[in-house]
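Below is a structure I'd like to ask you about.
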Amino acid sequence: MSATVATDPRSSAPIMTHRMILFVIFGLMAGMFLSALDQTVVGTAIRTIGDDLQGLSLQAWVTTAYLIVSTISTPIYGKLSDIFGRRPLFLIAIVIFIIGSVLASFSTSMIELAAFRAIQGLGAGGLMSMPLAIMGDILAPRERAKYQGYFLAVFGISSVIGPLVGGLFAGSGEILFITGWRWVFLINVPIGIVALAIVWRFLHIPKQPRHSVRIDWWGATTVIVALVPLLLVAEQGREWGWGSGIAIACYVIGAIGILSFVIAETLMKDDALIPLKLFRSPTFSMATVIGVLVGFGMFGAMLTLPLYLQLVLGSTPTESGFQMLPMILGLMIASIASGQIIARTGQYRIFPILGTLLMSVGFFLLTFMKFDTTYWFVAGAMLVIGLGLGQLMQTLTIASQNSVGLRDMGVATSSSTFFRQIGGTLGTAVLLSLLFTLMPSNIIGSFSDDSTLTGALDAAFDPAVATAPQNEQIMESIYTPIVSRVTEQTTAQVQDGVDQATDAATQAVAAQVAAGQIPAAAQEAATAAAVTQARQAAAQQIQQQVPVARVADDGTVSLDFSDAAARSAFVTTLATTLQDQFTAGDGDTSIGDSTLNDTSFLVSADPRLTKPFLVGFNSSAVTVYWVAMSVVLLAFVLSLFFKTPPLRAKSALQEAADERDEKQAAEDDEQARAADAATKTGSLVLP
């Protein structure tokens with residue numbers, strides 16, 4: 001059955017058969033696979049890349065450059081495709097992405113890589129938005145949902161093989177005489193060429209008459225001025241300081257850009273980059289707002305969950321890719337099922353409601369996570385989140401497309417994607433910033449737990465553990481300041497006690513000499529004997545109080561932590577004091593960006609030492625999920641008021657073709673009537 005068969009008996013024959021539609025979708029999937037695979041492959045290898053280019057601290061700029069350019073270019077692609085056609089813009093996007101990939105593979109610094117990733121982002125903006133717009137052209141809204149499963153399969157496959165490929169390349173020294181991680185970008189070249197060939201061969205869409213429009217250069221310029229500084233401060237605000245001079249400058253420039261953009265779009269009217277008339281539709285406006293909120297929660301989950309799997313559960317990047325499958329599975333099941341229901345009934349109002357509700361439930365389940373939570377609990381929560389996402393990703397886009405005609409199909413689709421990416425960018429920036437802002441205090445706060453503190457301290461004071469190479473980084477980052485401070489304070493206190501005993505013995509002998517009880521000639525020998533006796537007595541008393549203390553014959557105090565029983569007794573006594581300090585927030589530790597930027601030590605470090613870090617990360621992640629749940633709950637409340645008109649049964653291209661046919665038929669009828677009238681009138685004057 002044709003996916004675009006019209007229900008109106010007066011309609012013309014379908015302009016695209018089911019076979020033609022499948023060929024087009026095949027071409028679209030090739031382009032989307034190129035972009036989706038790149039994101040998962042680069043994400044796995046970025047740490048290796050940063051280490052090799054000696055710029056791990058600049059890692060955020062590599063992500064930010066790609067994200068900013070792809071986000072800004074999305075509505076531009078949509079508008080230009082409405083003017084010049086979808087196919088040439090999609091081909092241009094693939095070519096730009098391939099060029100950016102080749103350039104990125106030759107990067108010699110993180111700054112260069114960030115610039116080349118920006119070129120990739122320029123192509124990615126079209127790779128992600130054009131397929132949705134093309135589907136909006138060739139498929140009726142009711143039928144469109146059935147085909148979404150194909151595209152979600154692309155994301156599912158890329159999510160599985162991406163971490164595998166990225167891990168393979170990142171872990172290889174050289175492949176064909178080229179550094180392993182550079183293949184992360186070079187692999188896009190053959191895939192991109194294949195995608196280009198497929199799109200060139202199969203992506204043929206019936207041409208539509210072009211309408212004369214103005215290109216909205218002012219809109220494109222002002223959207224860049226508005227978004228670049230705001231996205232920059234969203235990504236870098238934690239490092240710059242949210243109230244720093246550069247952050248305030250970004251706020252001001254962004255606000256000016258937003259105001260200028262609104263003015264420019266108002267003046268451009270229908271030719272605007274994002275026509276403001278779109279927001280006159282309650283359906284489009286509500287779908288946009290819900291999309292921003294869902295994007296916020298979705299990207300927050302998809303970025304923090306892999307970190308949890310790798311840091312807390314100890315999974316490798318490749319393993320974490322497989323462990324994310326429940327979310328992908330839930331997404332695909334819900335998308336295919338909801339698509340079939342929409343195609344049969346034409347109703348979709350229930351899906352935004354159920355989708356946001358299930359996402360909220362999934363995030364709520366994640367708030368119960370502990371540092372020792374089993375993977376299967378997390379997998380269950382991910383499955384629920386995926387079931388929610390699967391009902392939202394397509395329905396919100398379909399709702400936006402259903403609210404406009406063919407003329408604005410591209411700009412409506414790209415605008416919907418654009419605002420969802422804005423929400424995702426905000427979610428990425430806000431939730432990751434919240435995560436890493438809370439982590440230092442939560443790591444310190446984890447020491448308030450008695451078992452966590454005593455276990456970590458016993459390991460940290462154990463010379464064999466503290467000096468082990470695999471524990472060097474975590475000792476320097478977290479425990480050495482604690483051990484050094486405690487050791488210095490304890491040694492000073494014990495030394496003070498020994499010195500007081502020595503002084504007391506010396507003064508007692510001097511008093512006896514002054515009283516004539518000891519001859520002056522014997523004072524030195526008597527003093528030495530008294531001091532020795534006093535030190536021995538003090539040492540016995542001190543060892544009862546501080547089992548690890550050792551007093552030398554000369555009165556010098558040292559601490560010996562090699563004896564397990566003595567160390568355990570000392571730690572038990574010490575824990576009470578330190579626990580009170582950590583609970584009050586007075587703990588003196590050094591947990592900085594270097595600790596949080598490089599967490600490789602968690603893989604091999606002593607579990608007793610890493611437990612506070614894992615507990616702290618878990619606490620921070622739980623806070624993130626509370627925030628994400630609150631945002632998605634707001635989307636749920638809004639979805640209750642989401643008005644969803646019945647979906648059209650014909651595609652935009654079919655409607656346009658039928659409209660032209662009806663217009664032509666009307667013109668033909670009018671000409672026929674005029675000719676008939678002329679014939680009859682003429683017959684009256686014939687002789």
Side-chain angles (χ1 to χ4, degrees), residues 132 141-153 155-156 282-302 305 324-368 377-403 416-417 419-420 423-424 427 625-647:
L132 298 176
R142 286 186 60 165
E143 299 292 327
R144 200 173 303 149
K146 292 196 302 185
Y147 292 86
Q148 294 285 351
Y150 294 107
F151 292 92
L152 293 176
F155 287 100
T283 301
F284 182 87
S285 300
M286 186 64 78
T288 298
V289 173
I290 295 175
V292 170
L293 298 176
V294 169
F296 187 101
M298 177 180 69
F299 279 86
M302 297 186 74
L305 278 171
M324 291 290 288
L325 279 179
M327 180 180 290
I328 304 301
L329 180 64
L331 191 150
M332 294 180 66
I333 291 174
S335 177
I336 293 173
S338 61
Q340 293 296 325
I341 294 173
I342 292 173
R344 289 188 173 94
T345 66
Q347 302 297 321
Y348 62 100
R349 183 176 185 274
I350 189 62
F351 296 114
I353 297 174
L354 283 179
T356 51
L357 180 61
L358 285 173
M359 281 189 68
S360 301
V361 172
F363 283 124
F364 181 68
L365 292 175
L366 290 178
T367 62
F368 289 95
F377 178 86
V378 182
M382 287 194 292
L383 178 63
V384 175
I385 293 174
L387 289 172
L389 278 174
Q391 298 179 65
L392 289 166
M393 292 181 67
Q394 61 175 334
T395 52
L396 294 176
T397 301
I398 290 173
S400 298
Q401 293 174 335
N402 191 57
S403 64
S416 177
T417 305
F419 286 109
R420 193 177 307 150
Y625 297 134
W626 276 113
V627 174
M629 187 193 75
S630 301
V631 172
V632 178
L633 270 178
L634 176 58
F636 168 71
V637 173
L638 293 177
S639 68
L640 297 176
F641 303 94
F642 191 21
K643 297 180 180 179
T644 54
L647 294 176

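Computed from a prediction, not measured in an experiment: that's the story for all the values here. As a basis for the values below, the full set of heavy atoms in this structure was taken, side chains included, without hydrogen atoms, waters or symmetry mates.
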Look up atom CG in Leu392 and atom CG in Leu331, then write down how far apart they are to the nearest 0.5 Å.
-> 9.5 Å

If you round to the nearest 0.5 Å, how far is CD1 of Ile333 from CD1 of Ile328?
->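 Those atoms lie 11.5 Å apart.
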
With a cut-off of 3.5 Å and sequence neighbours excluded, list every side-chain donor-acceptor pair involving residues 352-361.
{"from": "Thr356", "atom 1": "OG1", "to": "Pro352", "atom 2": "O", "distance (Å)": "2.7"}
{"from": "Thr356", "atom 1": "OG1", "to": "Ile353", "atom 2": "O", "distance (Å)": "3.1"}
{"from": "Ser360", "atom 1": "OG", "to": "Thr356", "atom 2": "O", "distance (Å)": "2.8"}

Work out which heavy atom in Ala628 is nearest to a heavy atom in Gly297; give both atom names and the distance.
->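 Result for this residue pair: CB-CA, 4.5 Å.
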
Could you tabulate the donor-acceptor pairs under 3.5 Å formed by side-chain atoms of residues 284-291, not counting sequence neighbours?
{"from": "Ser285", "atom 1": "OG", "to": "Phe279", "atom 2": "O", "distance (Å)": "2.7"}
{"from": "Ser285", "atom 1": "OG", "to": "Ser281", "atom 2": "O", "distance (Å)": "3.1"}
{"from": "Thr288", "atom 1": "OG1", "to": "Phe284", "atom 2": "O", "distance (Å)": "2.8"}

Grab the two heavy atoms, one from Arg349 and one from Phe642, that are nearest each other, plus how far apart they are.
-> NE-O, 3.2 Å

Check whether any side-chain heavy atom of Tyr625 sits under 4.5 Å from a side-chain heavy atom of Leu305, and report yes or no.
->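 SC-SC contact between Tyr625 and Leu305 confirmed.
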
Rounded to the nearest 0.5 angstrom, the CG-CD1 distance for Leu365 and Ile385 is 8.0 Å

Any chance you could measure Phe351, atom CZ, to Ser639, atom OG, to the nearest 0.5 Å?
->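 One finds 13.0 Å between CZ of Phe351 and OG of Ser639.
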
Distance, nearest 0.5 Å, that separates CE of Met332 from CG of Leu325 |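 One finds 10.0 Å between CE of Met332 and CG of Leu325.
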
Stepwise side-chain contact (heavy atoms from CB on, under 4.5 Å) test for Phe363 and Trp626 | CA-CA 7 Å; Phe363 283 124; Trp626 276 113; over 6 Å; no

Under the 3.5 angstrom rule, does the side chain of Gln391 hit a backbone N or O of Leu387 as a donor-acceptor pair?
->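 Such a contact is found between Gln391 side chain and Leu387 backbone.
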
